[in-house]
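Residue numbers begin at 1 in each chain, while the letters A, B, ... track the order of the sequences. What's counted below: heavy atoms across the whole structure, side chains too, no hydrogens, waters or symmetry copies.
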Protein chains: 2
Amino acid sequence: MVKRTSFEGDACPIARALEAIGDWWSLLIVREALFGLRRFGEFQSKLGMAKNILSARLRALVDHGILETAPASDGSAYQEYVLTPKGRGVFPILVALRQWSEEFDDRPEEIATILVDRAKGRPVRKLELRAEDGRLLAPADTMLKPRPAPRRRSA
Amino acid sequence: MVKRTSFEGDACPIARALEAIGDWWSLLIVREALFGLRRFGEFQSKLGMAKNILSARLRALVDHGILETAPASDGSAYQEYVLTPKGRGVFPILVALRQWSEEFDDRPEEIATILVDRAKGRPVRKLELRAEDGRLLAPADTMLKPRPAPRRRSA
DNA sequence: TCCAATGGTTGCATTATGAAACTGATTGCG
DNA sequence: CGCAATCAGTTTCATAATGCAACCATTGGA
């Protein structure tokens, strides 16, 4: 078999996330969905992607529990694709990607939009990783530990 | 031309980020690099990926300024791939992906590791998006604004 | 009713990916 | 030094994914 390697079943949570949303278009679809798009045609025209690919991606996102289909909210007989909580949970990933571009892109002047706090219209803060006690953590301040075995409860 | 659509030049910073690190393996390579890997063979054996693909990805990451090559630190004549600041800046993206899996994965028991604060050994906090004034922001509390017009300047 | 728009699917060409074989330097070792 | 093993890739070839265009079945509006 010479198919594309799947990360399903991989023990690394990053690989597992990529398995679900690591495709070329998936995150952009979720981005548009967070922005309010719901209909097939809306995604297709906004993203400018081929319809067969969009169709395949939507199905995959539904399979992964990121989107779900629902009857159209406008009364028509068509259906819509709406985000599940799992899908809305992708938001911080998108913010992280956006902020990375804003900080490191070689041609930041080509970036058209900035993410702002709706209430004040001011740019949002950078995402930052903090310890339980609030200390700011750089990569080197972190490490990976084996997941605690799910056995008896104790103190 | 029927090649894979490129997001280069796209005005969306998320698309631009995906152009650089949205490939199937790229983020995993950066993850390993953040973990300390530097040599071709280390990446290859740790990730278990085909050498030609690894070769292509490493070159692309170098082209994008995420990795750079350096003479080997152990005195050998080989070279190493080390993260640039732009590459280390990917860290929050990886954390966001990890936390998304931790929160929403269907089989969380298959996730082998947890990210902890090195100093205390305690799990890190969830990334959260905050406004300038510190308010916690949900997706609906944010919006996109056109980037402020660039200052008039010769180019 | 007729016809356009919607929401797909199918077919085919082009690209990307992957396994394995191959190459050429570098290194360890006797 | 001489030589085998290792390292870091490249090449080759088969298969999978992507993209475009054409097609088709419903839906919805006039």
A.B. asks: Is the backbone N or O of B:Ile21 less than 3.5 Å from a side-chain atom of B:Ser26, with the two atoms forming a donor-acceptor pair by type?
C.D. replies: no
A.B. asks: Sub-3.5 Å donor-acceptor pair from the side chain of B:Arg147 to the main-chain atoms of A:Ala112, do we have one?
C.D. replies: no
A.B. asks: If the condition is side-chain hydrogen bond (donor to acceptor under 3.5 Å, both in side chains), which residues does A:Lys145 pass it with, not counting sequence neighbours?
C.D. replies: none
A.B. asks: List the residues meeting side-chain hydrogen bond (donor to acceptor under 3.5 Å, both in side chains) with A:Glu8, not counting sequence neighbours, and say none if there are none.
C.D. replies: none
A.B. asks: What about the rings of A:Trp25 and A:Phe43, do their centers lie closer together than 6.0 Å?
C.D. replies: no
A.B. asks: Which residue pairs satisfy the side chain to side chain donor-acceptor pair (under 3.5 Å) criterion with at least one member in residues 83-97 of chain A, sequence neighbours excluded?
C.D. replies: none
A.B. asks: Going by the salt bridge (charged side-chain N to carboxylate O under 4.0 Å, His left out) test, which pairs reach into residues 90-103 of chain A, not counting sequence neighbours?
C.D. replies: A:Arg98-A:Glu102, A:Glu103-A:Lys126
A.B. asks: Check DNA chain D against residues 11-27 of chain B and give the residues with a non-hydrogen atom under 4.0 Å, in numerical order.
C.D. replies: none
A.B. asks: Under 3.5 Å, is there a donor-acceptor pair between the side chain of A:Arg118 and the main chain of B:Asp141?
C.D. replies: no
A.B. asks: Which residues, if any, of residues 51-67 of chain B bring a heavy atom under 4.0 Å of DNA chain D?
C.D. replies: B:Lys51, B:Asn52, B:Ser55, B:Arg59
A.B. asks: Who pairs with B:Glu68 by side-chain hydrogen bond (donor to acceptor under 3.5 Å, both in side chains), at least two apart in sequence or on another chain?
C.D. replies: none
A.B. asks: Among D:dG9, D:dT18, C:dG8, which is the nearest nucleotide to the side chain of A:Gln79?
C.D. replies: C:dG8
A.B. asks: How does protein reach along nucleotides 24-30 of chain C, written 5' to 3' as B (base within reach of a heavy atom under 4.0 Å), S (only sugar-phosphate), or - (no contact)?
C.D. replies: --BS---
A.B. asks: Apply side-chain hydrogen bond (donor to acceptor under 3.5 Å, both in side chains) to A:Asp133 and list each qualifying residue two or more places apart in sequence or on a separate chain.
C.D. replies: A:Arg135, B:Lys120
A.B. asks: What are the residues of residues 33-48 of chain A, sorted by number, that bring a heavy atom to within less than 4.0 Å of DNA chain C?
C.D. replies: A:Arg39, A:Phe40, A:Gly41
A.B. asks: Cut-off 3.5 Å, no hydrogens considered: what does the side-chain donor-acceptor table look like for residues 33-40 of chain A, sequence neighbours left out?
C.D. replies:
unit_1, atom_1, unit_2, atom_2, d
A:Arg38, NH1, A:Glu80, OE1, 2.6
A:Arg39, NH1, A:Asp74, OD2, 3.3

A.B. asks: Rounded to whole angstrom units, what separation is found between the CG atom of A:Asp74 and the P atom of D:dG28?
C.D. replies: 8 Å
A.B. asks: Can you tell me the distance, in whole Å, between the CD atom of A:Glu80 and the C1' atom of C:dT6?
C.D. replies: 13 Å
A.B. asks: Taking only distance into account, with no hydrogens and no angle test, what donor-acceptor pairs under 3.5 Å do side-chain atoms of residues 47-64 of chain B form with protein atoms, sequence neighbours excluded?
C.D. replies:
unit_1, atom_1, unit_2, atom_2, d
B:Ser55, OG, B:Arg59, NH2, 3.0
B:His64, ND1, B:Ala60, O, 3.0

A.B. asks: Please determine whether a side-chain nitrogen of the Lys or Arg among B:Arg125 and B:Asp117 lies less than 4.0 Å from a carboxylate oxygen of the Asp or Glu.
C.D. replies: no
